[in-house]
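Notes follow once the structure below has been shown.
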Amino acid sequence: MELLDGKKVSQEIIEELRLEILQRISEHKKIPHLAAVLVGHDGGSETYVASKVKHCEKIGFKSTLIRFEDSVSEEILLKEVQRLNEDDDVDGILVQLPIPKHIDVEKITEAISPVKDVDGFHPVNIGRMVKGLPAHVAATPYGIWLMLQRYKINTAGMHCVVIGRSDIVGKPISLLMAQNTQPGNATVTICHSRTKDLKAMTLQADILIAALGKAEFVKADMVKDGAIVIDVGITRLPDATKKSGYKIVGDVAFNEVAPKCCYITPVPGGVGLMTIASLMMNTMNACKMRTGN
Ligand code: NAP
């Protein structure tokens with residue numbers, strides 16, 4: 001069993017971006033600028049946004065954090081997105097999800113200029129990705145793809161089973177794995193809550209991607225010997241032994257599944273860190289697309 005080490009690979013990507021920034025400075029090129037919008041005080045969202053800002057600093061990107069209270073109106077949030085679209089210095093915009101229920105998340109997503117949509121959630125970016133055109137690909141699926149690429153795993157002809165069909169993980173990673181690229185060229189099965197006999201499906205997987213959001217759901221008897229297991233899940237479970245009061249677990253029961261695998265991602269230290277690294281890559285690309293270099 002080999003660990004797919006998100007910490008190591010994401011650090012490599014961050015370092016490559018940092019060096020690219022030094023090069024850009026010496027060539028007087030624009031420095032990428034990421035604007036993050038955070039609504040409310042959700043603990044998870046605060047952590048994710050703080051980590052994104054910290055990574056920008058590490059690389060040498062500019063970053064701006066714009067905060068609103070939970071009570072902010074849809075109109076004000078739309079105006080802020082519009083202001084950021086029009087701000088020529090801003091290359092990437094992200095609105096941290098979830099946002100309060102009184103705001104239409106689709107309206108906010110579609111208000112972001114596709115070229116600045118570094119989360120890759122805008123229908124234009126999703127459509128371009130489906131067609132295999134240059135696009136900002138959603139950070140989590142792109143991070144999984146990059147991880148497989150960096151470990152030089154030849155996925156052609158493999159059977160990839162994805163558990164979950166969300167717009168931000170399950171659907172896009174299924175498409176990326178089926179694409180005529182490397183990684184890619186897999187035969188993909190998408191499973192969801194209405195799938196009959198999920199175990200019969202997962203046992204056929206050469207690559208199993210678990211993105212359902214249920215703590216330690218995938219057990220050893222659901223995994224084929226020698227499979228590659230990618231665990232996307234992030235669930236906080238109460239843990240009095242931790243300073244934070246909780247521990248993070250994935251969708252895979254790591255201790256019992258790992259010995260059966262050829263490769264497996266840990267949680268934490270796997271897909272989550274790759275998500276941030278790919279968001280940073282999208283931000284660099286947005287800057288290059290906007291400035292032409
Ligand atoms: P989501 O929108 O809740 O989607 C979950 C999907 O799993 C749905 O398609 C659902 O099916 C399916 N599902 C739920 N229970 C199932 C079951 N028992 N059997 C089969 N399928 C089942 O979740 P998401 O946004 O994709 O996120 C999934 C997990 O990944 C969460 O833990 C989230 O925190 C984590 N996540 C991690 C990262 C990262 O950076 N590592 C990024 C994003 C998300 P239906 O469609 O039929 O309801």
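No experiment lies behind these values; they were computed from the predicted model shown. FYI, the numbering just counts along the sequence from 1. Atoms within a ligand are numbered from 1 in the order they appear, just like the ligands themselves.
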Notebook entry, point to check: For ligand 1, what are the residues with a heavy-atom contact below 4.0 Å?
Noted result: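 Ligand 1 is contacted, at a heavy-atom distance under 4.0 Å, by Thr140, Ile163, Gly164, Arg165, Ser166, Ile168, Val169, His192, Ser193, Leu198, Ala211, Leu212, Gly213, Lys214, Phe217, Val232, Gly233, Ile234, Val271, Gly272, Thr275.
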Next item on the list: Could you tell me whether the side chains of Gln11 and Glu15 share a donor-acceptor contact shorter than 3.5 Å?
Entry: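 No donor-acceptor contact under 3.5 Å links the two side chains.
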So, [X] and [Y], do they make that salt bridge, N to O below 4.0 Å?
X	Y	value
Lys54	Glu57	no
Glu75	Lys79	yes
Asp91	Lys62	no

Checklist line | Within 6.0 Å of CG in Asn180, more than 12 heavy atoms from elsewhere | finding: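 No, CG of Asn180 has 12 or fewer neighbouring heavy atoms, counting only those of other groups under 6.0 Å.
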Note to self: Working to the nearest 0.5 angstrom, can you tell me the gap between Lys214 NZ and Thr235 OG1?
What the structure shows: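 Here the interatomic distance stands at 10.0 Å.
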